[in-house]
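The shown structure was predicted, so the numbers you read here are calculated from the model rather than taken from an experiment. Only this structure's heavy atoms are used, side chains among them; waters, hydrogens and symmetry mates stay out.
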Amino acid sequence: MVFAALAGLLSLVMGARQKAARDAARQRSQESERRARVLADTLPLLIAYLDRDLRYRFANAHYRTQWGLEPQEMLGKTVSEVFGPAAAPWLEDLNSALAGRRLHYERDFQGRDGVAHFLVDLVPDIAPDGRVAGFYLTAMNITDRKNSEQRAEAASRAKSEFVANMSHEIRTPMNAVLGVAYLLENTPLTQVQKEYVGVIRSSGQMLLGVLNDVLDFSKIEAGRLELAPQPFLLREVLDSLSNVMSLPANTRGISLAIGADDKVPAVLVGDAMRLQQILLNLVGNAVKFTERGGVSVRVTLDQDAVEQGLQLRFAVRDSGIGMDLEQQSRLFSAFNQADASTTRRFGGTGLGLAICRRLTELMGGAISVRSTPGAGSEFVVTLPFGVADDDVAVEHPALQTAAAQAWMVPEAPALQHAPPEPEPAPALRLQGLRLLLVEDHPLNQLVARGMLEHVGASVEVAENGQLAVDRLRERAADYDIVLMDVQMPVMDGFAATRHIRALGLTLPVLAMTAGVMQSEQDQCIDAGMDDFIAKPVDVEQMLDTISRHWDAIRAR
């Protein structure tokens, strides 16, 4: 009897303990669920759980904030029942999650207030037996971020268009200034007049150099500067560098030594034009800041990067004024020079080294400097290149030459002598060529006509694209080549070229444009043009371009 009573009492105690444990576990579970709910409702993103029938089993309070939906009313309903036809673009992704795929992507959603952009994660809920029971969904509204990106892209496009327009507005009068100076230089002048014309030309070229620096930096900043890797001869780049820099070095009374080690491959694959731009900036600075001694350029293999493929080391060393550590720290920043007195004494925009650094990084390389005040500086550029076979077709880019250099002012020594008699060869260079010049600006008509007739070409002028098309329609056989301005009233150069090609005419159409953006050059090619002549016109480059097409015509 006593034993039975004790057993019953023990059973009651055990039952009470078990109930208390169950109540405690339930309370802990409810508390954990409450905390999870509070956390989910607090986060600024959509959080939900959907079962295999795409029915909501959980939805946080952000659905109320985002869509005005009550989370409790969503439970048990399918995605299509909650969102209607707007859910259709999501269904394929949701079914992929039910197939066991984890997804992370961006998605647009058409809501009552317009299109919203979401960053979505779908995580399958996989049971121990491997079956997918449902999936967890999180979606963050990134509409503000997307709108900011779109505004930034629009601002970048506006900046690029502004740069392109400013380029055209500046280069067009610059073309007239430099062209008329060239024509004037080829007329009988006194010694003093020749010196004045030389000042006009050199100052115009300096201004053009500043403009090019600003345009290059703007394109780099906007991410619109493109590389054009091609097989090229390193020797040609170094020869061009020597050709350009020898005269200013000799004028300052300093030496210039340029060379490459024998182990450096002869044919490389890379952007020769941008390589030359970097070297011209570095050597130009070295010459400018060196008053005695010399400047050297040495190209070697970078032995520290043998496992990474071919890396070349370009070391530009000078015995100039040098820099302290504080000056070196800000050297590669835009619009900066070593100090303010440098700008006053030597001039410059402070963009050259910033452009060098950006170009070097764009090409996958690095640039560094070592310098001691009063003892000179050494700039080292390391760049990766591909290696081509010696017999591969080599690109011969239009590398800068002394005639095209912005600050190659010293033409004075030649002025000390009597003007040489003009040689007959230049006057016959385009002898017999019949050109149709399509240009609306009277000054540019005067300049281009004078340059071309000076070397033997016969030139007719059409003031806009429509007149050019009409003239070619009536008597196309009277012309060998068309020089086509791009921006003109009535009909621009692009439309005129399309009309010319529609007439079945195949004569070369060469664009004369102040546009510097790659997109503008692509537009010229798409319109059917054959080549480009940049404004302001560099006479030798223009004549080389025209001669190349003239020679091809005569060889037919």
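Contact of the Pro384 side chain with the Leu310 side chain is not registered, since no non-hydrogen atoms from C-beta on lie closer than 4.5 Å. At least one side-chain heavy atom of Val79 sits under 4.5 Å from a side-chain heavy atom of Leu94. Leu275 has its side chain within reach of Phe232: a pair of non-hydrogen atoms, C-beta onward, lies under 4.5 Å apart. When side chains are defined from C-beta on, Leu119 counts as touching His104, because their heavy atoms get closer than 4.5 Å. Here the side chains of Asp485 and Val438 are not in contact, with every heavy-atom distance at 4.5 Å or above. When side chains are defined from C-beta on, Leu103 does not count as touching Asp121, because their heavy atoms never get closer than 4.5 Å. Between Leu312 and Leu268 there is a side-chain heavy-atom pair separated by less than 4.5 Å. Side chains of Asp440 and Val490 form no contact here, defined as non-hydrogen atoms less than 4.5 Å apart.
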- For side chain to side chain donor-acceptor pair (under 3.5 Å), just list the numbers for Glu378 and Ser371, CA-CA rounded to whole Å, side-chain angles, deciding distance to a tenth of an Å, and then say yes or no. CA-CA 6 Å; Glu378 182 183 44; Ser371 185; over 6 Å; no

- Task: Please lay out, stage by stage, how Leu301 and Gln311 fare under the test side chain to side chain contact (heavy atoms under 4.5 Å, CB included).
- Result: CA-CA 6 Å; Leu301 295 178; Gln311 293 255 10; over 6 Å; no

- Message: Go through it in stages, so that I can follow the logic: the residues are Leu383 and Asp302, the test is side chain to side chain contact (heavy atoms under 4.5 Å, CB included), and I'd like the CA-CA distance, side-chain angles, deciding distance and then a yes or no.
- Response: CA-CA 9 Å; Leu383 291 172; Asp302 185 6; over 6 Å; no

- Apply side chain to side chain contact (heavy atoms under 4.5 Å, CB included) to Lys146 and Glu106, showing your working. CA-CA 11 Å; Lys146 278 289 186 181; Glu106 292 185 10; 2.8 Å; yes

- Is there a side chain to side chain contact (heavy atoms under 4.5 Å, CB included) between Gln277 and Ile355 once you walk through the steps? CA-CA 9 Å; Gln277 185 175 359; Ile355 292 172; 3.8 Å; yes

- Residues Arg151, Ser148; criterion side chain to side chain donor-acceptor pair (under 3.5 Å); working and verdict: CA-CA 5 Å; Arg151 286 193 294 269; Ser148 297; 3.1 Å; yes

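Across every non-hydrogen atom of Pro71 and Ala59, the tightest pair is CB-O, 3.3 Å. The heavy-atom pair separating Asn141 from Ala116 by the smallest distance is ND2-CB, 4.4 Å. Taking every heavy atom of both residues into account, Pro231 and Val267 meet most closely at CB-CG1, 4.4 Å. Contact between Phe118 and Leu46 at its shortest, heavy atoms only, is CE2-CD1, 4.0 Å. Residue Thr497 comes nearest to Gly528 through the heavy atom pair CG2-C, 3.6 Å, listed as atom of the first residue, atom of the second, then distance. In this structure, Val486 and Cys524 approach most closely via the heavy-atom pair CG2-SG, 4.3 Å.
The distance from the CD1 atom of Ile500 to the OG1 atom of Thr506 is 11.5 Å, given to the nearest 0.5 Å. Between the OG1 atom in Thr360 and the CD1 atom in Ile278 there is a gap of 3.5 Å [rounded to 0.5 Å]. Put simply, CD on Glu81 and CE on Met74 are 11.5 Å apart, with the number rounded to the nearest 0.5 Å. Arg370 contributes atom CZ, which lies 12.0 Å from atom CE of Met323 (distance to the nearest 0.5 angstrom). With rounding to the nearest 0.5 angstrom, the CD atom of Gln276 is 10.5 Å from the CG atom of Asp271. In this structure, CG on Asp93 lies 11.5 Å from CG on Leu98, to the nearest 0.5 angstrom.
The backbone N or O of Met488 sits nowhere less than 3.5 Å from a side-chain atom of Asp492 that would complete a donor-acceptor pair. Here the side chain of Arg501 pairs a donor or acceptor atom with the backbone of Leu505 at under 3.5 angstrom. A donor-acceptor contact shorter than 3.5 Å links the side chain of Asp318 to the backbone of Ser377. Asn60 places a side-chain N or O within donor-acceptor distance of the main-chain N or O of Leu45, the cut-off being under 3.5 Å. Using a distance-only test at 3.5 Å, with no hydrogens or angles considered, a donor-acceptor pair links the side chain of Asp530 to the main chain of Val509. For the pair Asp129 (side chain) and Arg131 (backbone), a donor-acceptor distance under 3.5 Å is present.
If you run side chain to side chain contact (heavy atoms under 4.5 Å, CB included) between Met140 and each of Thr143, Thr138, Ile142, only Ile142 comes through. Put simply, the residue from Asn281, Asn285, Leu280 that forms a side chain to side chain contact (heavy atoms under 4.5 Å, CB included) with Cys356 is Asn281.
The aromatic rings of Phe385 and Phe314 sit perpendicular, their planes meeting at an angle over 60°, well past the 30° parallel limit.
A salt bridge links Arg298 with Asp261: at least one charged nitrogen is closer than 4.0 Å to a carboxylate oxygen.
The 12-atom threshold is not exceeded at CZ of Arg101, counting heavy atoms of other residues, nucleotides or ligands nearer than 6.0 Å.
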